[in-house]
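Structure first, then comments.
Note on naming: letters A, B, ... go to the chains in the order of the sequence lines (proteins, then strands), and numbering restarts at 1 for each one.
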2 protein chains.
Amino acid sequence: MEQPGEIKKVSMAVIKRLPKYYKYLGELMRKNVERVSSQELSKILGFTASQIRQDLNNFGEFGQQGYGYNVSQLYTEIAKILGITTNHKMVVIGAGNLGQALANYTGFSIHGFDIIGIFDKNPNLVGRKINDIPIYPVEDMEYFINKNNVDIAVLTVPRDETESIVNRLTNTAIRGIWNFTPVEINIEDRDIVVENVHLIDSLLTLSYRINESWLQERLLKQKRKDKPFGHGKNTTYMVK
Amino acid sequence: MEQPGEIKKVSMAVIKRLPKYYKYLGELMRKNVERVSSQELSKILGFTASQIRQDLNNFGEFGQQGYGYNVSQLYTEIAKILGITTNHKMVVIGAGNLGQALANYTGFSIHGFDIIGIFDKNPNLVGRKINDIPIYPVEDMEYFINKNNVDIAVLTVPRDETESIVNRLTNTAIRGIWNFTPVEINIEDRDIVVENVHLIDSLLTLSYRINESWLQERLLKQKRKDKPFGHGKNTTYMVK
DNA sequence: ATATTTATGTTAAATTAATCACAAACGGGG
DNA sequence: CCCCGTTTGTGATTAATTTAACATAAATAT
Ligand SMILES: NC(=O)c1ccc[n+]([C@@H]2O[C@H](COP(=O)([O-])OP(=O)(O)OC[C@H]3O[C@@H](n4cnc5c(N)ncnc54)[C@H](O)[C@@H]3O)[C@@H](O)[C@H]2O)c1
Ligand SMILES: NC(=O)c1ccc[n+]([C@@H]2O[C@H](COP(=O)([O-])OP(=O)(O)OC[C@H]3O[C@@H](n4cnc5c(N)ncnc54)[C@H](O)[C@@H]3O)[C@@H](O)[C@H]2O)c1
């Protein structure tokens, strides 16, 4: 039952499109474009103009009839929606291949995401710096996060270390976990948001699509033969 | 109009779930579990049993009434669907932070994705090896891909190099591009599949969700005041 | 000023995806 | 061999998302 003043929850589909709007509006700003219509946005972004208008109207009325949207105003509004008007503090947990690559990347700080510490359990790494960011012993993780009001933990530890680290994170003031491990994290009680990257899934999806045309042929044949994969009577699976 | 023998196109939502099924069935196999019902899968995966059955029925009838699914058979079928019954050859283009991290990762070859070459334009990197994989000059990229039947190009070059590399890739026999650059790639003519990782989008989505409760409050206030973001008469955006 | 054009916000329709519900098929036990 | 409990595959239903339509307001041209 919807309460009178209640806000309809914004769907994940919409949320996933917001970064695209944000990114492209940034480009337009850099080109000193002042106004843009949903139609023009549609051209580049590939979404329909109608969808763009509806997406934006989840958050407010940012446009004007007969004019369109003011690029820099809309950009600012979306930045507010995405919560990037203030900087975010991040820590990387696991200073391995991926953790170091992420720490070295400058693209995050451009959007206000600053990595202020790296944690590892390997004493040979502790004390070193990556891109001027110190590597600390993982024992200090909780203290550091709470002390420095860290918002986001970037998780790049090995598979089997994930659960233990996540448990420890739930006892901190962390707000979000950006998870690069293949582990499906589920946190019950706390209000910590988890965003999974799951690169393997992404690669498997690519593989599926490469394979798709072959697969379709196979499915067609199957359909013609009606049930080549069906199981005859007395099919025995169990090896007793 | 649907042709008689035509196959209904499988939706992206379904495809995105396939790797989850695959991953979890792999786990069950390792535990020597022989059979599993859609209900049991549902428990762990979080999708409804009904959805799981419907997803799988896009590709065939793999289960048996009163029994469920044979774990290893279903695993094999999904592997076929994902196109990972044969190995895939990959090359990494751009031996920087991310390219090196990916090349060092062993998790891909487990699923049959083998990185057989790395390409870079930096002569200081060419000739070195990462995880036993040689770094070649990027000039040799096209020849190498065609010669070695490379399926997938992993794109980890800087933003501004992306377009030129993608153009060059369209002149090869490559089947898929796994794109880690922030650039939105669109290839018109050719049958090359692009899978974008877009880490920044993922991070911004995380930020949105961290910010969400604050945003909802703001939207509520806005709704009560009716139109705090509306535009008064004679609002002038254009700075003539 | 006034008319014309443009392009929004919003409601309605269409499409797509998820869930429900159940007949039919199979395994296992007596 | 037959019955009982289980669980699939699938058509029907419901929910979610996307697209279309349009009244309305602002901008621009005349
Ligand atoms: N490298 C990639 O390209 C890639 C791709 C996909 C997924 N991943 C996933 O990302 C994670 C990291 O991958 P990687 O290649 O960087 O691995 P890695 O082995 O290079 O790095 C892991 C780092 O974590 C540290 N570590 C181990 N246990 C720890 C703990 N309890 N606390 C703090 N630090 C700890 C190790 O000392 C090491 O430095 C893995 O879960 C992997 O599956 C990596
Ligand atoms: N590192 C990250 O964590 C991260 C995160 C998100 C996105 N990205 C994106 O991934 C890409 C790579 O990032 P990075 O941090 O590894 O950058 P990087 O600068 O460390 O590496 C880029 C590499 O590409 C090579 N290169 C440049 N032009 C080339 C060309 N024409 N052909 C072949 N090689 C070429 C460079 O010599 C360098 O070795 C960038 O587009 C970046 O935006 C990186």
Identify the pairs formed between an N or O of the protein and an N or O of nucleotides 2-4 of chain D at a distance under 3.5 Å, and give each distance.
none

- Presence of B:Y69 side-chain N/O under 4.0 Å of D:dG9 phosphate oxygens OP1/OP2: yes
- Is the shortest distance from a Lys or Arg side-chain nitrogen in A:K20 or B:D201 to a carboxylate oxygen in the other one below 4.0 Å? yes
- Message: Can you confirm whether A:T170 sits close enough to A:T172 that some side-chain heavy atom of one is under 4.5 Å from a side-chain heavy atom of the other?
- Response: no
- At their closest point, which heavy atom of B:E212 faces which heavy atom of A:I15, and how far apart are they? OE2-CD1, 4.2 Å
- Query: Do we see a donor-acceptor contact under 3.5 Å between the side chains of A:T76 and A:Q73?
  - Reply: no
- Rounded to whole angstrom units, what separation is found between the CG atom of B:L56 and the C1' atom of C:dT19? 16 Å
- Taking the six-membered ring for Trp, are B:F47 and B:Y21 parallel (under 30°), tilted (30 to 60°) or perpendicular (over 60°)? perpendicular
- Item | Between P of C:dT6 and CD of A:E40, the distance in whole Å | 12 Å
- Item | Residues forming a side chain to side chain donor-acceptor pair (under 3.5 Å) with A:S202, sequence neighbours excluded | B:W178, B:E195
- Separation of C:dG9 P from A:I52 CD1 (nearest whole Å): 12 Å
- Taking 4.0 angstrom as the limit, do A:R17 and A:D55 come out as a salt bridge? yes
- What is the distance from CG of A:N58 to P of D:dA16, rounded to the nearest Å? 14 Å
For nucleotides 18-20 of chain D, give me every protein contact, N/O to N/O, under 3.5 Å, one pair per line with atom names.
from   : atom 1 : to    : atom 2 : distance (Å)
D:dT18 : OP1    : A:R17 : NH1    : 3.1
D:dT18 : OP2    : A:R17 : NH2    : 3.0
D:dT18 : OP2    : A:Q51 : NE2    : 3.3
D:dT18 : O5'    : A:Q51 : NE2    : 3.1
D:dT19 : OP2    : A:T48 : OG1    : 3.2
D:dT19 : O4     : A:Q54 : OE1    : 3.0
D:dT19 : O4     : A:Q54 : NE2    : 3.0
D:dA20 : N7     : A:S50 : OG     : 2.8
D:dA20 : N6     : A:S50 : OG     : 3.4

- Message: If you compare every side-chain N and O of B:N57 against the phosphate oxygens of D:dT8 (OP1, OP2), does one of them come in below 4.0 Å?
- Response: no
- Task: Using whole Å, report how far CD of B:E61 lies from C1' of D:dG9.
- Result: 7 Å
- Task: Look at B:Y67 and D:dG5 and indicate whether a side-chain polar atom (N or O) is within less than 4.0 Å of OP1 or OP2.
- Result: no
- Task: Could you pick out which residue, A:Q65 or A:M12, lies toward the 5' side of DNA chain D when each is mapped onto its nearest nucleotide?
- Result: A:M12
- Task: Would you please say whether a donor-acceptor pair under 3.5 Å links the side chains of B:R53 and B:S38?
- Result: yes
- Message: Below the 4.0 Å mark, does C:dA25 have OP1 or OP2 next to a side-chain nitrogen or oxygen of B:Q64?
- Response: no
- Nearest whole angstrom, please: distance from the P of C:dT16 to the NZ of B:K9. 12 Å
- Task: Verify the contact: side-chain N or O of A:R35 to OP1 or OP2 of D:dT28, cut-off strictly under 4.0 Å; return yes or no.
- Result: yes
- Task: Round to the nearest Å and state the distance from B:L74 atom CG to D:dT7 atom P.
- Result: 15 Å
- Note on the structure: Heavy-atom closest pair (A:I84 atom, B:S207 atom, distance to 0.1 Å) is CG2-OG, 3.7 Å
- How long is the line joining CD of B:Q39 and P of C:dA21, in whole Å? 14 Å
